[in-house]
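In what follows, a single structure is set out as structure tokens and then discussed.
Convention: sequence-line order gives letters A, B, ...; per-chain numbering from 1.
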2 protein chains.
Amino acid sequence: MEIKSDTEKLILEAARKVFTEKGLDGARMQEIADRANINKAMLHYYFRSKDKLFESVFKAAFNEFWPEITKSINESANVEDFLKRAISSYVDLFMDKPFLPIFILSEVNRTPDRLESLIREGGVNPHLIVEYLKEQMDLGKLKAMDPKELLVNVISLCIFPFAGKSLIERMIFQGDKESCESFLQERKKSIYEFLKPLIIANN
Amino acid sequence: MEIKSDTEKLILEAARKVFTEKGLDGARMQEIADRANINKAMLHYYFRSKDKLFESVFKAAFNEFWPEITKSINESANVEDFLKRAISSYVDLFMDKPFLPIFILSEVNRTPDRLESLIREGGVNPHLIVEYLKEQMDLGKLKAMDPKELLVNVISLCIFPFAGKSLIERMIFQGDKESCESFLQERKKSIYEFLKPLIIANN
DNA sequence: AAAAGAATTAACCATTTGGTTAAATTATAT
DNA sequence: ATATAATTTAACCAAATGGTTAATTCTTTT
């Protein structure tokens, strides 16, 4: 890990905000520079091009997001803990960075290739999660089903409400921001309750 | 409903493709014109501005998407049918138009105001769905819970896997397109199976 | 058939945008 | 202190982009 200059950090933070809010195409280099209170040329001095700068931001965002679920496995004693931890940390993360889910989803959707390099260097092994779930099912700790399906369902329940926040806020909460916000906060408990029946009690 | 000229329809179809694939910011008027095999000036002749054209596309996309769930209620005899129908029609729709979910989510996210006018004129009443679910719970047909939560969960399970298709394909299916595709197709059954325990059997 | 109106095109325009450059300023090393 | 290297700035540039216009072709009406 190289030491980053203050300016570089300022740029990255401003770029993170602008890119996650407006996407690669919607973001303007000038706006990033303005938000970082620096000259636009500095962006190119430190990152060469818009795409390179974007890549840095995207990489950081993705690594803040995906590895969390693997971490949840490693730091949990059993499936129950795992589910609680994974759900809780995702809700916390997305409450804090509301634009993260839709940012990752839409940029991955537009340029799936970006994932390739990330996976190779990042050392992220997605298969471990599926194997873990399969294992827990074989051990009789989880209701038997396609582990991939379960994984997708858990992720769906955690991410979608945040990715679709604006939609939900308007269509289900009639535009009431506070209700919607507390609803999302509550999901830390309610997603778990929803998935609880899949956990097989010890006897 | 006014009669649309052939050219207008060509434009709308090309615009639909380009906008849903690349978003408002990423779309180029020239590309839309090229795909419709017409002169770029025609876009402005019929739709005045990029934003107006986008609005037409967005409106059509949204109306293809959201009202479906209300339709499912109206055309179903009971909750079981409703769930089956809603899930099935969403899976069909998104298999056919893979870019639809992420398109709607990201554009609503970027410009939530766009929903306002749509709701007013469209006559879409989101509250009906929540009321329907509440009613079914009161009737003892569905496990009692916050109906909003249930609605969000159903929508999450239906939409997210399509919105996150590229992510899932790469992270869970190791890039195997066919497996991922058939997995998504299978969700018509598997989402229903997943939600089935919430339906209370008649006695 | 001629006039009027609608549809279509090619050329053009102003602005925006990512990116560059050369000079100036600041920090570092000798 | 002074030379050297790193950082920062203002001015500039070429390409791209949404949009316009005036002329042309095609339709419709009378």
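Pairing each heavy atom of A/E21 with each of B/R110, the nearest pair is O-NE, 3.3 Å.
With values rounded to the nearest 0.5 angstrom, A/E193 atom CD is found 13.0 Å from B/D146 atom CG.
A side-chain contact (heavy atoms from CB on, under 4.5 Å) with B/M137 is found for one member of B/V79, B/L198, B/L150 and no other, namely B/L150. Of the candidates B/F103, B/F54, B/F58, B/F19 forms a ring pair (Phe, Tyr, Trp, His ring centres under 6.0 Å) with just one, namely B/F54.
An OP1 or OP2 oxygen of C/dG18 is reached within less than 4.0 angstrom by a side-chain nitrogen or oxygen of A/R28. The phosphate of C/dT8 has OP1 or OP2 within less than 4.0 Å of a side-chain N or O from B/T7.
The CG atom of A/D51 sits 18 Å away from the P atom of C/dT17 (whole-angstrom rounding). Look at CD on B/Q30: it is 12 Å from P on C/dT9, rounded to the nearest Å. As rounded to whole Å, 16 Å separates atom P of C/dT16 from atom NZ of A/K50.
Near DNA chain C, meaning a heavy atom under 4.0 Å away, the residues from residues 38-47 of chain B are B/N39, B/A41, B/M42, B/Y45, B/Y46.
Considering only heavy atoms from C-beta on, A/R187 comes within 4.5 Å of B/E149 through its side chain.
The cationic group of A/K148 lies under 6.0 Å from the six-membered ring centre of B/F173 and within 45° of the ring axis, placing it in a cation-pi geometry.
When ring centroids are compared, B/F160 and A/F160 stay outside the 6.0 Å threshold.
Backbone-only contact: B/A27 has heavy atoms under 4.0 Å from sugar-phosphate atoms and none from a base.
Side-chain atoms of A/K50 never come within 3.5 Å of backbone atoms of A/R28 as a donor-acceptor pair (strictly under, hydrogens ignored).
Of all nucleotides in DNA chain D having an atom under 4.0 Å from a heavy atom of chain B, the first and last in 5' to 3' order are D/dT17 to D/dT21.
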